[in-house]
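What follows is a set of notes on a single structure, which appears directly below.
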Amino acid sequence: MTIDIKKELNDKQYLAAAQVNGPLLIIAGAGSGKTRMITYRIAHMLENGIHQSNILALTFTNKAAREMEERVKTLTNRKLTNLTVSTFHAFGVKILKESISHLDYNDNFSIYDQTDKISAIKEAARELNISPDVLDIYEVSNLFSSIKTGRQKWSERNNSFKPLYEEYQEYLYNHNSVDFDDLIILPVKLLTEYPDILNGYQLKYQYIMVDEFQDTSLAQYKMIKQLATENRNVCVVGDDDQSIYSWRGANYQNIINFETDFPELTEIKLEQNYRSTKNILSAANSLIANNTNRKEKELWTGIGHGKSIELYYPENETREADFISEMIKSFYLRNNLKYHDFGVLIRTNNLSTLIENSFLTENIPYKVSGGTSFFQRKEIKDIIAYLRVLDNPDDDVNFLRILNTPRRGLGKATLLKIREISKNKGCSLYAAAAELRWTGDSPLSNKVQSSLQEFIDMIEEYKEMLQDEEIKKFKTIKDLIETINYWGYLIVEHQKNEKLAKWKYKNISIFMELFEKWEKNTDSKDKKLGTYLNRITLLTRDDDEDSDEGQVNLMTIHASKGLEFEYVFLAGVENNIIPHARSIEENPDNIEEERRLFYVAITRAKQKLFMTSCKTRKIGYEIVDTGPSPFLSEIPKELIEFHTPAEDVNDDEAMGYFAKMKNKFNSKDH
DNA sequence: GTAAGGCCCGTTTTT
DNA sequence: CGGGCCTTAC
């Protein structure tokens, strides 16, 4: 079967998909059929005899990667098990798996996420006798990230953190662990310092494609450049107007770097929008025109004007949530829409709670993406920590997490003794604890001694079981959870809230289901526990493939990039939320990035856009008068239908509201 | 030495 | 309101 890409694509898209050789820069406006173009481009390559294993497609999120892979598979009707479609970070893990031994790491390294990183920094601070409360740990963590990725240099202002940074690095190294930044930086190091390794990858990946190029960091760009510099078959696709990750090191400058490093490039602009109505697109265009730092472009659409954009001013955030629910319900019933045709977008994760509550009361099926990831929840992290230690005993951060969770009488004093041995012997905490267990004239009380012994023996036992290929790991882990009596722990910890305990335990069951599915899945050839652990550390949402259907999508604007919905609700369109106060506080120039965020939000909508701007909002504990987002005034008035807050709460609703409040109050105070 | 209860504070966005 | 950290109670 051949695919007629000329017929399926517009002229510009065709040009982009047909040019397989040489560097290509594609500026693809929102909704310009970028994914479609990329999909066809890959299919076109495959049809022209390029082997799938020679293609590397890099994306930003797991979701995007999965989607792209699916689409290519469907289009070409091939299995494509050797096509590499991956996020930057997952690709980094792959390189490290293969070559990290050159850097003197073991390939069963642990990946530390944000939380683990913070604990590691705290540990490092302890080593240096820096009391952790003098540090703004969050800030330090960001600084280290900037230093590591080369975004910032040591200067007089931050020099004082240099010893701590070095200690932190040593800590990671000693515990055979890497952080998220390492997943990019270490591969770059390998590719720079080992020409053989570089050659190997260049030989393998002769055709490279990068999606969401505007969101790549300088380090990620280096990686691309290294891989592509020999073959020069590299296609990057991006839209400077949708660059919303600069705080994480994403750099618009990369588009310029690309132009300098690959001067022979072809540049193609995709400006026809296939997604939104004229009204929505005009609003987006007028808004983004206020940014100074951008590539000139004007998106246009062949679609009609469509419905007007509507702006509502709810009294407060509860009313806002109820309003959104009501609207979704009524449109769902009247307009023959499915629930998954609705997208509810928010600037910050914490805005989701009330909306979720409202969906729950109204029985609207929904799905939140982003936010605290499933795998970041405490109960899941606890179980993962056990698995981490079983896989990599040097992993101190996770050892610390499980040593006394569930409580087994191994507290501060015991830990101090373990630390001492670890320090003297230069070994991991686990090894130190294992040694302490046998010490004859133990400095520990009998009770503690036997508890420690039991703990270590248990770990050893499960370690052995996991190595036995005959036994299903799923069963072993399930067994482990029972042995440590995690359920009992949850009950004790949440005595006053049995529901919470049950919910948490249910999460663990879900986790186990996911694991079992993974283990059973014949597609995954590498069934090592560490492979699974490293995979899930990079997941933010629970990627349940088939559950997208029939559910309203609730997510942050950041998470919505690349997606589209028939109807979009944008909540919290208020000053200090978008643009976010913190962002402006940090640097007034961030206003442009906030505007791009708003732009991304608007351009998700196909048919209809609703915006809500509350008059008051509860922030922390107090009720604050809020003003509408200043960006609203950058959209031509005639495009928006304003709904003045005329309708006050009617009596019935008011009663309902107060009754709810009263109940809430009563149940809390005995 | 460990665990339970009191007190303060509130991470923008994510791999 | 809930989680992390510190103090006090066993």
Side-chain angles (χ1 to χ4, degrees), chain A residues 58-65 86-93 111-115 117-119 122 132-133 136-139 141-142 145 149 179-184 212 215-217 219-220 243-250 345-351 353 369-373 375-376 378 404 406-417 443-445 447-448 451 492-497 500 534-541 555-561 572 576-586 590 593-594 596-597 600-601 618-622 664-665 667-668:
Chain A
L58 293 170
T59 65
F60 214 60
T61 61
N62 296 294
K63 192 170 188 159
S86 161
T87 64
F88 273 96
H89 287 83
F91 184 64
V93 173
I111 301 172
Y112 284 173
D113 68 12
Q114 206 79 350
T115 329
K117 181 182 175 186
I118 297 233
S119 326
K122 280 185 187 163
D133 32 288
D136 180 341
I137 202 84
Y138 193 69
E139 212 169 280
S141 166
N142 284 338
S145 191
T149 55
D179 63 20
F180 278 166
D181 298 319
D182 287 326
L183 295 181
I184 308 299
E212 307 284 8
D215 287 328
T216 50
S217 67
Q220 287 166 332
S243 161
I244 52 176
Y245 284 95
S246 72
W247 49 275
R248 204 174 82 179
L345 307 185
I346 47 185
R347 170 71 238 262
T348 61
N349 284 306
N350 62 356
L351 298 180
T353 3
S369 9
T372 325
S373 141
F375 298 104
Q376 314 265 64
K378 187 187 175 301
N404 202 28
R407 299 184 195 285
R408 50 175 73 86
L410 304 174
K412 258 193 298 203
T414 314
L415 181 58
L416 202 69
K417 298 218 173 70
L444 307 170
S445 72
K447 209 174 124 208
V448 171
S451 174
V492 176
E493 293 296 301
H494 305 285
Q495 284 165 13
K496 281 163 276 176
N497 197 343
L500 185 67
N534 283 345
R535 197 178 82 94
I536 59 175
T537 313
L538 295 174
L539 291 181
T540 32
R541 327 165 213 289
M555 67 186 83
T556 63
I557 300 173
H558 282 88
S560 77
K561 206 171 54 145
N576 293 333
I577 292 185
I578 183 160
H580 200 277
R582 262 197 133 90
S583 158
I584 301 302
E585 209 175 280
E586 201 176 78
N590 285 341
E593 176 144 328
E594 294 290 315
R596 287 192 293 269
L597 259 175
V600 168
K618 200 152 77 182
I619 293 174
Y621 239 112
E622 55 188 335
K664 225 172 179 178
F665 202 75
S667 64
K668 287 290 168 307

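The model shown is predicted, which means the values in this text are computed figures rather than measured ones. Any value given below was found using the heavy atoms of this structure, including those in side chains, with hydrogens, waters and symmetry copies removed. The sequence lines fix the lettering, A, B, ..., with proteins before strands; numbering per chain opens at 1.
- Judged by distance alone, the side chain of A:Arg596 and the main-chain N or O of A:Ile244 form no donor-acceptor pair under 3.5 Å.
- Under the side chain to side chain donor-acceptor pair (under 3.5 Å) criterion, A:Asn350 pairs with A:Thr348, sequence neighbours left out.
- Closest to the A:Arg347 side chain, of the nucleotides B:dT14, B:dT13, C:dC5, is B:dT13.
- Stacking annotation: A:Trp247 is stacked on the base of B:dT13 (ring centroids less than 5.5 angstrom apart, interplanar angle below 30 degrees).
- Take the nearest nucleotide of DNA chain B for A:Leu410 and for A:Ile244: the residue whose nucleotide is more 5' is A:Leu410.
- In terms of position along DNA chain B, the nucleotide closest to A:Gly411 lies nearer the 5' end than the nucleotide closest to the other residue of the pair A:Gly411 and A:Thr87.
- Atom pair A:Asn349:CG and C:dG3:C1' shows a separation of 17 Å (rounding to whole Å applied).
- When each of B:dA3, B:dT13, B:dT14 is scored by its nearest atom to the side-chain atoms of A:Thr348, the top-ranked nucleotide is B:dT13.
- Comparing C:dC5, B:dT12, B:dA3 by their nearest atom to the side chain of A:Arg407 picks out B:dA3.
- Partners of A:Arg407 according to the side chain to side chain contact (heavy atoms under 4.5 Å, CB included) rule, which considers only residues two or more places apart in sequence or in another chain, are A:Asn404, A:Glu493.
- Looking at heavy-atom distances under 4.0 Å, A:Gln114 makes contact with a base.
- Atom CD1 of A:Ile577 is separated from atom C1' of B:dT12 by 11 Å (rounded to the nearest Å).
- Between A:Asn576 and B:dT12, a side-chain N or O to OP1/OP2 separation shorter than 4.0 Å is absent.
- Regarding A:Glu586, its CD atom lies at a distance of 10 Å from the P atom of B:dT12, rounded to whole Å.
- Proximity of A:Glu212 to A:Leu58: side-chain heavy atoms (C-beta onward) are nowhere separated by under 4.5 Å.
- For the pair A:Asn590 CG and B:dT12 C1', the computed distance is 11 Å after rounding to whole Å.
- For A:Tyr112, there are no ring-ring contact (aromatic ring centres under 6.0 Å, His included) partners at least two apart in sequence or on another chain.
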Might you list the N or O atoms of the protein lying below 3.5 Å from N or O atoms in nucleotides 5-11 of chain B, with each pair's distance?
none

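- Closest contact between the side chain of A:Lys122 and the listed nucleotides B:dA3, B:dT2, C:dC5 involves C:dC5.
- Checked by atom type and distance alone, the side chain of A:Ser145 never pairs as donor or acceptor with a backbone atom of A:Asn142 at under 3.5 Å.
- Legend: residues meeting side chain to side chain donor-acceptor pair (under 3.5 Å) with A:Gln220, ordered by chain and number and at least two apart, are A:Ser217.
- As a whole-Å value, the separation of A:Glu493 CD from B:dA3 P is 10 Å.
- The distance between atom CG of A:Asp181 and atom P of B:dT14, rounded to the nearest whole Å, is 16 Å.
- To the nearest angstrom, P of B:dT14 lies 14 Å from CG of A:Asn142.
- For the C1' atoms, the distance from C:dG2 to B:dT11 is 15 Å, rounded to whole Å.
- Atom CD1 in A:Ile184 sits about 13 Å away from atom C1' in B:dT14, given to the nearest Å.
- Residue-level contact check: A:Phe88 touches neither bases nor backbone, having no heavy atom under 4.0 Å from any strand.
- For B:dT12, neither phosphate oxygen OP1 nor OP2 lies less than 4.0 angstrom from any side-chain nitrogen or oxygen of A:Thr556.
- Using a 4.0 Å heavy-atom distance criterion, A:Asp113 is classed as making no nucleic acid contact.
- Applying the side chain to side chain donor-acceptor pair (under 3.5 Å) rule to A:Ser451 yields no partners; only residues at least two apart in sequence or on another chain are considered.
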